[in-house]
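Owing to the predicted nature of the structure, the values given are computational and were not obtained by experimental measurement. Heads up: numbering here begins at 1 and tracks the sequence.
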Amino acid sequence: MNEATASRKPRVSKEHTLALLRDMLRVRRFEERCVELYTQEKIRGFLHVCIGQEGVAAGVLFNVAEDEAVVAAYRDHGHALLKGLSMDRVMAEMYGKAAGCALGRGGSMHLFDAQTRFFGGNAIVGGGIPLAVGLALADKMQGRNRATLCFFGEGAASEGVFYESMNLAALWQLPVVFICENNYYAMGTPLAVEHAQPEIFRKAEAIGVPSERVDGMSVVQVEAATRDALEAARTGKGPRLIECETYRFRAHSMFDPQLYRDRTEVEEWKRKDPIDRLSNWMAQTNLISQDELDVMEAAIAEEVEQAVQFAEAADWESTETLFDHLSLPLPEPLPPPPSPTAEAGEISMREAFQQGLEEALAQDERVFLMGEDIGRYGGCYAVTRDLFEQFGAGRVIDTPLAENGFTGAGLGAALGGMRPVVEIMTINFSLLAIDQIVNTAAALLHMSGGQFNVPVVIRMATGAGRQVAAQHSHSLENWYTHVPGLRVLAPATVEDARYMLWAALQDPNPVVIVEHVMLYNHKAELTPQPQGVDIEKAAIRRPGRDITLITYGGSLYKTLAASEQLAADGIEAEVIDLRVLRPLDTDTLIKSVSRTRRAVMVDEGWKTGSLAGELMAILNEQAFWELDAPPARVCSAEVPVPYARHMEQAVLPSVDAIVAAAKRTLGEAP
């Protein structure tokens with residue numbers, strides 16, 4: 001404990017202590033009732049109660065302003081109630097009812113409320129920490145003098161995203177206060193087994209975040225420490241971390257038999273009960289009488305029972321609304337690009353991407369770029385070259401090598417009102433950020449009952465052909481097309497490269513843009529698109545009558561070349577560029593195949609589990625009777641991509657393989 005903490009003397013009034021006691025009792029009585037309801041099977045799933053830890057929630061949230069954001073973990077009931085969510089709506093959410101704070105879609109671990117800026121619990125350990133960093137980043141970028149609060153347990157301090165997020169917060173001096181609720185057990189693993197350094201606050205301190213440890217069983221100490229931390233954050237002094245030593249008296253969750261700890265240990269901690277500790281002191285100092293305590297308890301009991309009755313009487317959400325809040329609609333009409341290229345001219349894909357980024361930065365002050373080496377270095381593929389000099393370090397932000405952390409920060413910034421464009425250098429690096437992309441960006445709107453959308457654009461390079469061997473040659477975009485809630489785009493023409501970004505930034509939902517590395521040097525005449533490009537429709541790149549060739553991204557030009565070879569043999573192939581990989585434009589596919597009656601899918605991904613396989617399933621389900629032959633597919637060989645050029649080329653789809661597949665489908669010898 002540092003000097004400042006040791007010399008801090010709490011000064012409390014009767015009103016102050018009554019408020020703290022009431023807050024703790026509201027949380028305790030609510031959760032005790034939830035435990036009863038769980039045993040009655042009224043509440044299901046995982047139920048994590050914070051009984052014993054109420055001093056942390058009450059002390060921390062006592063001085064939080066109404067417009068300050070709070071991000072919590074899965075043990076979030078107390079944080080939600082004390083941030084201002086009504087007990088009725090929280091209880092209804094526990095039941096899974098439509099009157100719940102997330103329409104019953106989140107449940108115990110995922111409480112949300114946009115009105116109070118409660119950005120939810122999070123079932124992913126440490127998953128909310130980078131969101132808080134991003135929310136604080138948005139506030140700093142917009143000149144707001146307010147703090148963001150982030151709760152997590154000591155188990156999260158083992159996660160890489162904890163270190164990534166602490167570093168970002170310290171590096172950028174963000175107004176965020178981190179609260180570690182150290183209850184000494186991450187599920188059932190004791191602190192000594194988890195951490196070589198058991199004092200969590202020292203981990204953050206070593207990174208550069210001023211930190212301290214306080215007695216979390218003393219609500220007064222927690223409140224005093226948080227007041228100072230909030231003041232520092234609000235006045236531009238950067239982040240703070242408070243480690244609160246606390247304890248949960250009950251199991252990790254209602255499924256937990258608690259075989260990992262001794263009953264005497266629990267009883268020892270119960271003697272430090274934060275509610276008893278405060279109420280006994282108040283009674284000794286005549287700050288509360290037994291009658292006052294009885295009145296308080298009666299009022300809370302009435303509130304709890306009213307919440308139960310509200311939840312019991314509430315309706316279940318109709319299954320007819322199952323697909324509501326999956327994504328928000330695009331604006332209609334979609335705003336056109338503000339500064340489309342005036343004249344046609346030859347341009348590379350790299351230059352087209354750069355022009356799109358430059359336009360977005362110039363026209364929308366909410367837009368900023370963040371990613372590895374995108375600023376001073378100019379980008380791994382030189383797409384962001386010169387943008388740093390033009391727009392500065394505040395708009396083109398070089399990040400540490402911390403994909404999960406800075407991607408999560410981008411999501412948080414989007415939640416905070418900004419329009420971030422996050423660049424992940426290669427799609428294989430995105431695997432380090434897939435938690436934030438899939439568990440948060442894609443799910444948050446639906447999980448929060450439509451309250452929180454995430455308008456972020458995530459760019460990443462994909463594909464093989466550069467002789468960089470297996471780890472940098474993946475085509476994993478199909479992994480993201482699997483996930484509801486995402487839009488996945490694959491620009492393959494200079495027009496799409498130039499104009500897709502502006503359209504994506506108008507989308508209120510998360511958009512992933514995959515850019516094939518072998519197309520950056522591709523040059524073509526740019527045809528100006530004053531109305532922009534359609535990010536909902538596939539494009540017919542070559543009309544034909546005999547067979548449909550379906551592809552996207554880096555395989556487009558191979559497929560077009562194959563169509564020319566087929567034309568020389570009298571076969572007119574129609575070439576469809578999917579360009580929107582999710583949601584798929586199935587109408588264009590079905591109409592084309594209904595005309596040509598045959599189809600070949602060309603996909604650089606591996607055949608097993610490929611997007612090409614999904615397309616074949618769609619055609620069989622929706623156009624089976626229109627087909628005169630089974631659909632075929634041309635994919636990469638199912639091996640990691642080798643380094644040697646001749647071996648690499650042997651793996652990838654080729655023009656000859658596409659021609660051969662088309663002729664086989666037409667019943668001709670290849």
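The side-chain heavy atoms of V514 and Y480, taken from C-beta on, include no pair separated by under 4.5 Å. When side chains are defined from C-beta on, L61 counts as touching F151, because their heavy atoms get closer than 4.5 Å. For the pair E36 and K42, the minimum side-chain heavy-atom distance is 4.5 Å or more. Side chains of E199 and E205 form no contact here, defined as non-hydrogen atoms less than 4.5 Å apart. Between E159 and I129 the shortest side-chain heavy-atom distance does not fall below 4.5 Å. Using a 4.5 Å heavy-atom cutoff, the side chains of I424 and I437 are in contact. Residues L369 and I397 have side chains not in contact (no heavy-atom distance under 4.5 Å, counting atoms from C-beta outward). Side-chain atoms of F152 and V71, non-hydrogen and from C-beta on, never get closer than 4.5 Å to each other.
When all heavy atoms of R261 and F249 are compared, the closest pair comes out as NH2-O, 3.4 Å. Taking every heavy atom of both residues into account, L25 and M296 meet most closely at CD1-SD, 3.7 Å. When all heavy atoms of M24 and G55 are compared, the pair lying nearest together is SD-CA, 3.6 Å. The minimum heavy-atom distance between D398 and G375, with the atom names listed, is OD1-N, 2.7 Å. Across all non-hydrogen atoms, the minimal contact from A442 to V483 is CB-CG1, 3.5 Å. V176 approaches A136 most closely through the heavy-atom pair CB-CB, 3.8 Å.
The closest side-chain donor-acceptor pair between D276 and N280, if any, does not fall under 3.5 angstrom. If you check the side chains of H252 and R75, you find a donor sitting under 3.5 Å from an acceptor. Between the side chains of Q436 and T407, no donor N or O sits under 3.5 Å from an acceptor N or O. N182 and E243 share a donor-acceptor pair across their side chains, judged by distance under 3.5 Å alone.
Atom OG of S448 sits about 11.0 Å away from atom NE2 of H110, to the nearest 0.5 Å. Distance check, rounded to the nearest 0.5 Å: CG of D215 to SG of C244 gives 9.0 Å. Interatomic distance, N453 CG to L415 CG, rounded to the nearest 0.5 Å: 7.5 Å. The line from CD of E423 to CE of M370 is 11.5 Å long, rounded to the nearest 0.5 Å. One distance of note links CZ of F30 with CZ of R26; it measures 9.5 Å at 0.5 Å rounding. One finds the OG atom of S158 at 6.5 Å from the NZ atom of K203 (value rounded to the nearest 0.5 Å).
Within 6.0 Å of OH on Y260 lie more than 12 heavy atoms contributed by other residues, nucleotides or ligands. Annotation for Q471: atom CD does not count as buried by contact number, only 12 or fewer foreign heavy atoms lying within 6.0 Å. Around atom CD of Q115, no more than 12 heavy atoms belonging to other residues, nucleotides or ligands sit under 6.0 Å away. When the shell of 6.0 Å around CD of E66 is examined, it contains 12 or fewer heavy atoms from other residues, nucleotides or ligands. When the shell of 6.0 Å around CZ of F46 is examined, it contains 12 or fewer heavy atoms from other residues, nucleotides or ligands.
Salt bridge annotation for R29-E297: present, with a cationic side-chain nitrogen under 4.0 angstrom from a carboxylate oxygen. Ionic pairing of R146 and D67 is present here: one or more N-O contacts between side-chain nitrogen and carboxylate oxygen are shorter than 4.0 angstrom. Electrostatic pairing of R89 and E93 does not count as a salt bridge here, judged by no charged N lying under 4.0 Å from a carboxylate O. For the pair R234 and E68, the salt-bridge criterion is met [side-chain N within less than 4.0 Å of a carboxylate O].
Remark: side-chain polar atoms of T264 are not paired, donor with acceptor, to backbone N or O of D262 under 3.5 angstrom. The backbone N or O of G609 sits less than 3.5 Å from a side-chain atom of N478, completing a donor-acceptor pair. A side-chain donor-acceptor contact under 3.5 Å links K140 to the backbone of W172. In terms of modelled atom types and a separation under 3.5 Å, the side chain of T462 and the main chain of H474 share a donor-acceptor contact. A donor-acceptor contact shorter than 3.5 Å is absent between the side chain of Q221 and the backbone of S218. No donor-acceptor pair under 3.5 Å is formed between the side chain of E31 and the backbone N or O of V27. In this structure, the side chain of E154 engages the main chain of N183 through a donor-acceptor pair within 3.5 Å.
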Full working for side chain to side chain contact (heavy atoms under 4.5 Å, CB included) between D113 and K83: CA-CA 9 Å; D113 187 56; K83 185 60 172 77; over 6 Å; no
Walk me through it: do F406 and E164 pass the test side chain to side chain contact (heavy atoms under 4.5 Å, CB included)? CA-CA 8 Å; F406 71 69; E164 294 178 20; over 6 Å; no
For Y163 and I207: C-alpha separation, side-chain torsions, deciding distance, then whether side chain to side chain contact (heavy atoms under 4.5 Å, CB included) applies. CA-CA 8 Å; Y163 299 94; I207 292 171; 3.8 Å; yes
Where do W269 and R248 land on the side chain to side chain contact (heavy atoms under 4.5 Å, CB included) test, with the steps shown first? CA-CA 9 Å; W269 275 95; R248 50 177 167 81; over 6 Å; no
One pair to check against side chain to side chain donor-acceptor pair (under 3.5 Å): Y184 and E245. What are the steps and the verdict? CA-CA 8 Å; Y184 287 88; E245 292 185 276; 2.4 Å; yes
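Aromatic ring pairs are classed by plane angle as parallel below 30°, tilted from 30° to 60° and perpendicular above 60°; the pair Y74 and H48 is tilted.
With Y38 as the aromatic partner, R44 meets the cation-pi criteria of under 6.0 angstrom to the ring centre and within 45 degrees of the ring axis.
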